[in-house]
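Residue indices begin at 1 and follow the sequence shown.
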Amino acid sequence: MDTLLPPFKWRHCEGEIILLCVRWYLRYALSYRDVEELARERGLFVDHTTVFRWVPGYAPELDKRCRPYLRATNDSYRVDKTYIKIKKPWYYLYRAVDSTGATLDFMLSATRDADAAECFFRKVLQASHTLTPRVSTGDKNAAYPPAFDALPHDSTLPETCRLRQCYSFQEKDFLARST
């Protein structure tokens, strides 16, 4: 017997409205007040603080249910990292995209070392919507080669996969435009 309550039981709004607002917030770069305004334009009266409460409550469940239906990626990955400031401290944002630009995964890390890079590679390779890469292109981060070399030892990555390193993609794009 299933003892879990339905996800929208005892909510004031219908489940479709909750999902719509949470999806708008997660999919597009909108603030909670922007979501409130979009909903109001469509005749739905939802306060921005309500959306603020819905997002952390329903986003993990949406992510869990949507992951299996993501389209498969191709076998050429591009890995990059950048620095972002969250509140006061700076963090490293690792991200991986395939050659068509589809985001594979991302990870925040406080450190920029081989352990963080290896953790990120493992996270990307274990995702259900990713294929085993033929080649992975990254920037000139010195942590990538040791992290990449550690993966075939436990059969996470086949021996045939190789790592290419070049300039950062933002730098490469800038160099192409400036010449």
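- Residues L62 and I17 fall within the same hydrophobic cluster, defined by Ile, Leu, Val, Met, Phe, Trp and Tyr side chains chained together at heavy-atom separations under 4.5 Å.
- Atoms CG and OH, on L30 and Y25 in that order, are 9.0 Å from each other to the nearest 0.5 Å.
- No side-chain heavy atom of V51 sits less than 4.5 Å from a side-chain heavy atom of D47.
- A salt bridge links D139 with K81: the distance from a Lys NZ or Arg NE/NH1/NH2 to an Asp or Glu carboxylate oxygen falls below 4.0 Å.
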Stepwise side-chain contact (heavy atoms from CB on, under 4.5 Å) test for R23 and L20: CA-CA 5 Å; R23 184 182 179 281; L20 180 69; 5.8 Å; no
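- Using cut-offs of 30° and 60° on the angle between ring planes, the pair F52 and Y32 is perpendicular.
- Remark: R27 engages no residue in a side-chain hydrogen bond (donor to acceptor under 3.5 Å, both in side chains) (not counting sequence neighbours).
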Could you go through the side-chain contact (heavy atoms from CB on, under 4.5 Å) check for H48 and V35 one step at a time? CA-CA 7 Å; H48 65 278; V35 173; over 6 Å; no
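- Contact record, Y94 with A117: OH-N, 4.3 Å, taken as the closest heavy-atom pair.
- The backbone N or O of T111 sits less than 3.5 Å from a side-chain atom of S109, completing a donor-acceptor pair.
- Taking CZ from F148 and CD from E118, the interatomic distance works out to 11.5 Å, rounded to the nearest 0.5 Å.
- Of the possible polar contacts, none joining the D149 side chain to the P146 backbone as a donor-acceptor pair under 3.5 Å is found.
- If you check the side chains of R78 and T137, you find no donor sitting under 3.5 Å from an acceptor.
- With rounding to the nearest 0.5 Å, the separation of CG in D98 from OG in S136 is 11.5 Å.
- For E61 and R65, the salt-bridge test passes: some basic side-chain N is under 4.0 Å from an acidic carboxylate O.
- Considering CH2 of W90 and OG1 of T82, their distance stands at 8.5 Å, rounded to 0.5 Å.
- Legend: residues meeting salt bridge (Lys or Arg N to Asp or Glu O under 4.0 Å) with R40, ordered by chain and number and at least two apart, are E36.
- No chain of hydrophobic side-chain contacts below 4.5 Å, direct or via other Ile, Leu, Val, Met, Phe, Trp or Tyr residues, connects V79 to V97.
- Linking ILVMFWY side-chain heavy atoms closer than 4.5 Å, directly or via other members, places W24 and F45 in two distinct hydrophobic clusters.
- With side-chain heavy atoms closer than 4.5 Å counting as contact, directly or through intermediates, the hydrophobic cluster containing F106 also holds I84, I86, Y91, L93, L108.
- Between Y144 and D80, the shortest heavy-atom contact is OH-C, 3.9 Å.
- In the hydrophobic cluster analysis, where Ile, Leu, Val, Met, Phe, Trp and Tyr join through side-chain heavy atoms closer than 4.5 angstrom, Y58 is grouped together with L26.
- Looking at heavy atoms from C-beta onward, L125 lies out of side-chain contact with R122 at the 4.5 angstrom threshold.
- The distance from atom CG of L163 to atom OH of Y77, rounded to the nearest 0.5 Å, is 13.5 Å.
- Rounded to the nearest 0.5 angstrom, K123 NZ and M107 CE are separated by 7.0 Å.
- A donor atom on one side chain and an acceptor atom on the other are found under 3.5 Å apart for S31 and D34.
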